[in-house]
Amino acid sequence: MSKPSQPHIRAVERAVTILQTLERAQRPLRLKEIGEAVELHSATVSRILSTLQASNYVVEEDQRYRLGAAVLRLTHGYLVNDPLSQFARPVMQSLTRQTGLTSTLHLLSGLERLLSVRVDGFEPMQYQQPIGRWLPLFIGSGKTIAAFMPTQQQEEVAALGDGHETTSHHVLTAAEILEDFKGIRHDRHLVSIGERDISIASISVPLFTDETVAGSLSLTGPSDSTTQEQLEKVLPSLTSAGHEISRMKSYS
């Protein structure tokens, strides 16, 4: 079988970049906005969008583009085939029954984390993250993952968070973030109350494949009714569940 030519590979890369741009935008974008974001001529972007529209991966409405329903097929395909998500779900269901709190599984993806599995707790949350939502690693339970990444990647994550303003209007510094990582490595967990979202209180532990960090497991509840003491009481159950999931070696 002949290898694909370089132009064909470039076309795929451009299509993926456009899809990523639309996903991160959180709103429909005009053709010009997409072109500026991906640094391509509008005519090139238009041709790629037309191809993606034909398969319903992109939808155009009022001269604005957004992701189409076909993207959900990719999400479904990932969730039913990802061994970690399949293995973790019953463990998380048991954890939520024990604690009453919402359990969430985030997977490391580059310098970000993605929500892969959520099991809702007994008390409704004011805000529920959608499956597939990407979040930074320099704040909230994301730090539980970043703390166990290689030193260079920790520094890159800290640089991304430098200057970020939290919900309490505190401006983060890279040095402060790196110091938080040090504390998390020592404690092997993190309690975060109203840090990324004022309505959420959580406690998180890292997940590993072999000795490499792969994600985090968290228990969350409404910040107005979930105290730090309550979160620390469920740490043994959370840690046990994290170890059980981490013992599964066949995911990546």
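Computed from a predicted model, the values in this text were never measured in an experiment. Keep in mind that the numbers below use all heavy atoms, side chains included, and drop hydrogens, waters and symmetry copies.
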Working for side chain to side chain contact (heavy atoms under 4.5 Å, CB included), residues Ile18 and Leu49 = CA-CA 8 Å; Ile18 288 173; Leu49 286 171; 3.8 Å; yes

Side chain to side chain donor-acceptor pair (under 3.5 Å) between Ser192 and Ser202: does it pass, once the steps are laid out?
-> CA-CA 5 Å; Ser192 175; Ser202 70; 4.5 Å; no

Chi angles and distances behind the side chain to side chain contact (heavy atoms under 4.5 Å, CB included) call for Leu29, Arg66 | CA-CA 7 Å; Leu29 296 178; Arg66 60 176 176 82; over 6 Å; no

Output, in order, the C-alpha distance, side-chain angles, deciding distance and verdict of side chain to side chain contact (heavy atoms under 4.5 Å, CB included) for Glu33 and Arg30.
-> CA-CA 5 Å; Glu33 292 177 303; Arg30 293 185 178 277; 3.6 Å; yes

Does the pair His170 and Glu195 meet the rule for a side chain to side chain donor-acceptor pair (under 3.5 Å), with working shown?
-> CA-CA 10 Å; His170 171 67; Glu195 185 180 4; over 6 Å; no

Would Met149 and Leu137 count as a side chain to side chain contact (heavy atoms under 4.5 Å, CB included) if you check the C-alpha gap in whole Å, the side-chain angles of each, and the deciding distance to 0.1 Å?
-> CA-CA 11 Å; Met149 295 168 68; Leu137 296 176; 3.7 Å; yes

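By the 4.5 Å heavy-atom criterion applied to side chains, Val171 and His164 are not counted as neighbours. For the pair Val59/Tyr65, no side-chain contact is recorded, criterion being any heavy-atom separation below 4.5 Å from C-beta on. The side-chain heavy atoms of Ile139 and Thr166, taken from C-beta on, include a pair separated by under 4.5 Å. No side-chain heavy atom of Val45 sits less than 4.5 Å from a side-chain heavy atom of Arg47.
Ser103 and Thr96 are linked by a side-chain donor-acceptor pair at a separation below 3.5 angstrom, with hydrogens and angles left out of the test. Ser225 and Glu123 share a side-chain donor-acceptor pair at under 3.5 Å. Ser218 and Thr220 are not linked by any side-chain donor-acceptor pair at a separation below 3.5 angstrom, with hydrogens and angles left out of the test. Side-chain atoms of Gln154 and Arg185 include a donor-acceptor pair closer than 3.5 Å. Asp197 and Ser199 are linked by a side-chain donor-acceptor pair at a separation below 3.5 angstrom, with hydrogens and angles left out of the test.
Here the closest heavy-atom approach between residue Thr173 and residue Asp162 is recorded as CA-OD1, 3.2 Å. Considering every non-hydrogen atom in both Val117 and Leu115, the closest pair reads O-CD1, 3.5 Å. In plain terms, the two heavy atoms of Pro206 and Thr144 that are nearest each other are N-CG2, 3.4 Å. Summarising the geometry of Leu31 relative to Ser46, their closest heavy-atom pair is CD1-N, 3.9 Å, with the distance given to 0.1 Å. Between Arg188 and Val205, the shortest heavy-atom distance links the atoms O-CG1, 3.9 Å. Scanning both residues, Ile245 and Met92, for their nearest heavy atoms gives CD1-CG, 4.5 Å.
Counting heavy atoms of neighbouring residues, nucleotides and ligands inside a 6.0 Å radius, atom CD of Gln152 does not exceed 12 of them. With a 6.0 Å radius and a threshold of 12 heavy atoms from other residues, nucleotides or ligands, Gln63 has its CD atom at or below the threshold.
Under the 4.5 Å side-chain heavy-atom criterion for Ile, Leu, Val, Met, Phe, Trp and Tyr, Leu95 and Val191 are members of the same hydrophobic cluster. Residues Ile198 and Leu231 are members of separate hydrophobic clusters, defined by side-chain heavy-atom contacts under 4.5 angstrom among Ile, Leu, Val, Met, Phe, Trp and Tyr. Hydrophobic clustering, with ILVMFWY side chains joined whenever heavy atoms are under 4.5 angstrom apart, keeps Val16 apart from Leu74. Linking ILVMFWY side-chain heavy atoms closer than 4.5 Å, directly or via other members, places Leu160 and Leu178 in a single hydrophobic cluster. Follow the hydrophobic side-chain contacts under 4.5 Å out from Ile131 and you never reach Leu22; the two are in separate clusters.
Of the charged side-chain nitrogens involved, none lies within less than 4.0 Å of a carboxylate oxygen, so that Arg133 and Glu23 do not count as a salt-bridged pair. Between Lys182 and Asp180, no side-chain nitrogen of the basic residue sits less than 4.0 Å from a carboxylate oxygen of the acidic one, so the salt-bridge criterion is not met.
The ring of Phe181 has its center no closer than 6.0 angstrom to the ring center of Phe148.
Every pair tested for ring-ring contact (aromatic ring centres under 6.0 Å, His included) that includes a residue from residues 85-123 fails, sequence neighbours excluded, so the list is empty.
When atom types are taken as modelled, the side chain of Thr167 and the backbone of Gly194 share a donor-acceptor pair closer than 3.5 angstrom. Thr209 places no side-chain N or O within 3.5 Å of a backbone atom of Thr212 that could act as its donor or acceptor partner. Side-chain atoms of Asp82 do not come within 3.5 Å of backbone N or O of Tyr78 as any donor-acceptor pair. In this structure a side-chain-to-backbone donor-acceptor pair under 3.5 Å is missing from Thr44 to Leu40.
The structure places CG of Leu84 at 7.0 Å from CG of Leu207, a figure rounded to the nearest 0.5 Å. For the atom pair NZ (Lys143) and CD1 (Ile145), the distance works out to 12.5 Å, reported to the nearest 0.5 Å. To the nearest 0.5 angstrom, Leu190 atom CG is 6.0 Å from Ser204 atom OG. Distance check: Leu114 CG to Leu135 CG gives 8.5 Å after rounding to the nearest 0.5 Å. Atom OG in Ser94 sits 8.0 Å away from atom CD in Glu244 (nearest 0.5 Å). Leu67 contributes atom CG, which lies 10.5 Å from atom CD of Gln20 (distance to the nearest 0.5 angstrom).
No cation-pi contact links Arg113 to Trp134, judged by a cut-off of 6.0 Å to the six-membered ring centre and 45° from its axis.
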All N/O donor-acceptor pairs, side-chain side in residues 233-243, below 3.5 Å, sequence neighbours left out:
unit_1	atom_1	unit_2	atom_2	d
Ser237	OG	Gln98	OE1	3.4
Thr239	OG1	Leu235	O	2.9

